[in-house]
Protein chains: 2
Amino acid sequence: MATGMSRSKKSQQDQKIITVEPTQRNAAHTRARILGAAETEFADHGFDGVSVRQIALRADVPVALINYHFGSKEGLYRAIFEMRAPMIVDQRVAGLRLAEMEPERERKVEMIVKAVLVPNLHMRSTEKSSNYARILAREVSDPKSLERKVIEEYLDPIAYKVMDALQRAMPDRSIEEINWGYQAMLGVMVYTMADMGRISRLSGGRCDPEDEIATANHLVAIMKAALLHARVPTPIQDE
Amino acid sequence: MATGMSRSKKSQQDQKIITVEPTQRNAAHTRARILGAAETEFADHGFDGVSVRQIALRADVPVALINYHFGSKEGLYRAIFEMRAPMIVDQRVAGLRLAEMEPERERKVEMIVKAVLVPNLHMRSTEKSSNYARILAREVSDPKSLERKVIEEYLDPIAYKVMDALQRAMPDRSIEEINWGYQAMLGVMVYTMADMGRISRLSGGRCDPEDEIATANHLVAIMKAALLHARVPTPIQDE
DNA sequence: GCGATATTTGAACAAGTTGACAAGAGTTTT
DNA sequence: AAAACTCTTGTCAACTTGTTCAAATATCGC
């Protein structure tokens, strides 16, 4: 754990002799450090906005190590999702399980909304994983994500579960209403997660996504109201 | 206008003599063609995902022309916003003006929602400018947009106008509620505009952002309900 | 027609890109 | 201790990046 400021080799001359900590060997630790650096860089600049060199520089490892451990730049990118996605999926599933037990309709919908929003909003305000939140937000608006298939692979299953829960909570709604409701929820969440200060700027500092509690309160209220009270004018035509 | 398939110089041998249309000169036309190509490419791959050469190739002009006309890659990018932004801002302003005249509260909120959503949703389904919709969606989730200041410059003013209108329509709401409501509206809109098929995929084809009318009906209903019925549990603490 | 100006062109630039390699260093197994 | 293994390293070649340049060509005012 306490391996913070060793491996300062490039910054000093060629005094290979003194090596207080002789270039520690620990593949898992190295992988983790690269992943951490990659998360930060990808979040800040996007997949195409960073070079593996920048990531290697931040992780303080030679470039070649990235290809050794992750195969390619995209391999590294996918590894981030493999690491983080289960975390929030599990939290949502757990939240849905709780909602399932709630008998009262309004309360049930609110719990479903919370099950979806809260894990991500919490992640966004957690320093360690806030970067992943921004990567995720970017990924959904990136056409290349289709090629990468990373959203489809990791996030589609939980999406179906959420919509099933919504449908059971509100059986009177059409499939279209359920779907658009879910998409709206995602949109609000993703937009908030990706925010880089515009919300705070526009509100004169009154609204701050960093304030996890207040943000969750507002967004949950908004989406609960949206799901419970929205009816489309003409749900007639189907095909 | 009918300058489609001339300038085929590279694809053929060095028969400079025949030049049916001897390399037409028209700065405005050239600029427009570069802008069009850039819009498509930026929408598909993002600012960092495209090279100026790809854009030049699509526009079928030499690379150097891009720098000549737009100064730099970023200059070209900004030129897209300078061309498109006024278009949708004007539409929103007009919509707000109509809403202002409506006396009834619920109807007024609905008209404000429509004033915000409809211009963009329409743009998204218009082939010519659907690319700009995707660029816009990407820009709001790109941290570099802060450097570029393009959102702030072109879109913040209209945001304030919308929030003012909302506040006047619902004077009982707190500033936080108005702000989060507006942000939610934007989030839903942007997410839908940026969609690359996930909505259709998840809904089994039942929801399609290309279907402008149905999409607008659902999203307007959702945001109208959200704005009219959402109340935060604890709007007590302020500072 | 002539000259000034605006536009277009291909080539070149320096800087940075990715992925690959052989060789080295550390750890584990024999 | 020696061999086999995993992990690390600096360097390399091939290529792309955004931008600039001088020269060529077209357009317009006179």
Side-chain angles (χ1 to χ4, degrees), chain A residues 3 6-35 37-38 41-42 45-77, chain B residues 3 6-14 16-35 37-38 41-42 45-79 144 147-148:
Chain A
T3 333
S6 58
R7 52 176 67 246
S8 52
K9 202 168 163 195
K10 292 176 216 142
S11 51
Q12 297 176 353
Q13 286 86 339
D14 53 347
Q15 44 187 19
K16 291 180 185 176
I17 313 100
I18 313 188
T19 56
V20 187
E21 245 177 14
T23 54
Q24 197 154 10
R25 278 291 168 97
N26 188 339
H29 178 249
T30 307
R31 268 182 64 102
R33 196 140 51 98
I34 294 175
L35 273 173
E41 292 292 331
F42 281 140
H45 309 104
F47 183 80
D48 293 303
V50 217
S51 66
V52 289
R53 231 162 271 272
Q54 288 173 50
I55 296 171
L57 192 69
R58 174 177 285 268
D60 196 15
V61 298
V63 259
L65 257 194
I66 289 180
N67 276 27
Y68 175 75
H69 281 291
F70 300 96
S72 67
K73 188 181 179 182
E74 181 167 326
L76 171 58
Y77 189 78
Chain B
T3 333
S6 59
R7 51 176 68 246
S8 53
K9 204 169 162 191
K10 292 172 215 148
S11 51
Q12 296 176 352
Q13 285 86 338
D14 53 347
K16 291 181 184 176
I17 311 102
I18 312 189
T19 56
V20 186
E21 244 179 12
T23 54
Q24 198 155 7
R25 246 139 201 248
N26 187 339
H29 179 249
T30 307
R31 268 184 63 103
R33 196 140 50 98
I34 294 175
L35 273 172
E41 292 291 333
F42 281 141
H45 308 106
F47 184 80
D48 293 304
V50 216
S51 66
V52 290
R53 278 177 172 80
Q54 287 173 53
I55 297 171
L57 190 70
R58 174 177 284 269
D60 195 14
V61 298
V63 260
L65 258 192
I66 289 180
N67 281 57
Y68 174 76
H69 281 292
F70 300 96
S72 67
K73 186 183 182 182
E74 182 166 328
L76 171 58
Y77 188 79
R78 296 183 66 90
K144 275 186 190 154
E147 301 170 23
R148 291 194 279 260

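Letters go in sequence order (proteins before strands), and every chain restarts at 1.
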Task: Shortest side-chain distance from A:Y68, nucleotide among C:dT7, D:dT6, D:dT9 - done: D:dT6
Task: Heavy-atom closest contact (B:I34 atom, B:H69 atom, distance) - done: CD1-CD2, 4.3 Å
Open item on the list: My understanding is that only residues two or more places apart in sequence, or in another chain, count here; which of them pass side chain to side chain donor-acceptor pair (under 3.5 Å) with A:R31?
Closed with: none
Task: Side-chain N,O (A:H69) to OP1/OP2 (D:dT8) below 4.0 Å - done: yes
Open item on the list: Suppose we screen for side chain to side chain donor-acceptor pair (under 3.5 Å). Which residues come up paired with A:H45, at least two apart in sequence or across chains?
Closed with: A:E41
Open item on the list: So if I take every side-chain heavy atom of A:L65 and compare against C:dA20, D:dT8, C:dT8, which nucleotide ends up nearest?
Closed with: D:dT8
Open item on the list: What is the distance, to the nearest angstrom, from the OH atom on B:Y77 to the C1' atom on D:dG18?
Closed with: 17 Å
- [ ] Figure out the NE2/C1' separation between B:H45 and D:dT17, and round it to whole Å.
- [x] 16 Å
- [ ] Could you list the residues that satisfy side chain to side chain contact (heavy atoms under 4.5 Å, CB included) with B:A37, not counting sequence neighbours?
- [x] B:I55, B:R58, B:A59
Open item on the list: Would you compute the distance between atom CG of B:D60 and atom OG1 of B:T30 and round it to the nearest 0.5 angstrom?
Closed with: 11.0 Å
Open item on the list: What is the distance, to the nearest angstrom, from the CD1 atom on A:I34 to the C1' atom on D:dT8?
Closed with: 10 Å
- [ ] With sequence neighbours excluded, tell me which residues meet ring pair (Phe, Tyr, Trp, His ring centres under 6.0 Å) with B:F47.
- [x] B:F42, B:Y77
TODO: Could you tell me the separation between the CZ atom of A:F70 and the C1' atom of C:dG19, rounded to a whole number of Å?
DONE: 16 Å
Task: Closest non-hydrogen atom pair between A:R33 and A:V61, with its separation - done: NH2-CG1, 4.3 Å
TODO: Drop me the distance from A:L76's CG to A:N67's CG, to the nearest 0.5 angstrom.
DONE: 9.5 Å
TODO: Could you state the atom-to-atom distance from CG of B:L76 to C1' of D:dT19 in whole Å?
DONE: 14 Å
Open item on the list: Under 4.0 Å, heavy atoms only, any strand: does B:A27 hit a base, just the sugar-phosphate, or nothing?
Closed with: sugar-phosphate
Open item on the list: Tell me the interatomic distance from A:N67, atom CG, to D:dG10, atom C1', rounded to whole angstroms.
Closed with: 14 Å
Open item on the list: Can you tell me if A:T30 touches the phosphate of D:dT8, counting only side-chain N or O atoms and a distance under 4.0 Å to OP1 or OP2?
Closed with: yes
Open item on the list: In whole Å, I'd like the distance from the NE2 atom of A:H29 to the P atom of D:dT8.
Closed with: 10 Å
Check nucleotides 13-17 of chain C against the protein and report each pair of N or O atoms closer than 3.5 Å, with its distance, or say if there are none.
residue: C:dT17; atom: OP1; partner: A:S51; partner atom: OG; Å: 3.2

Task: Rounded distance in Å - CD1 (B:I66) to P (C:dG10) - done: 14 Å
Identify the pairs formed between an N or O of the protein and an N or O of nucleotides 22-24 of chain D at a distance under 3.5 Å, and give each distance.
none

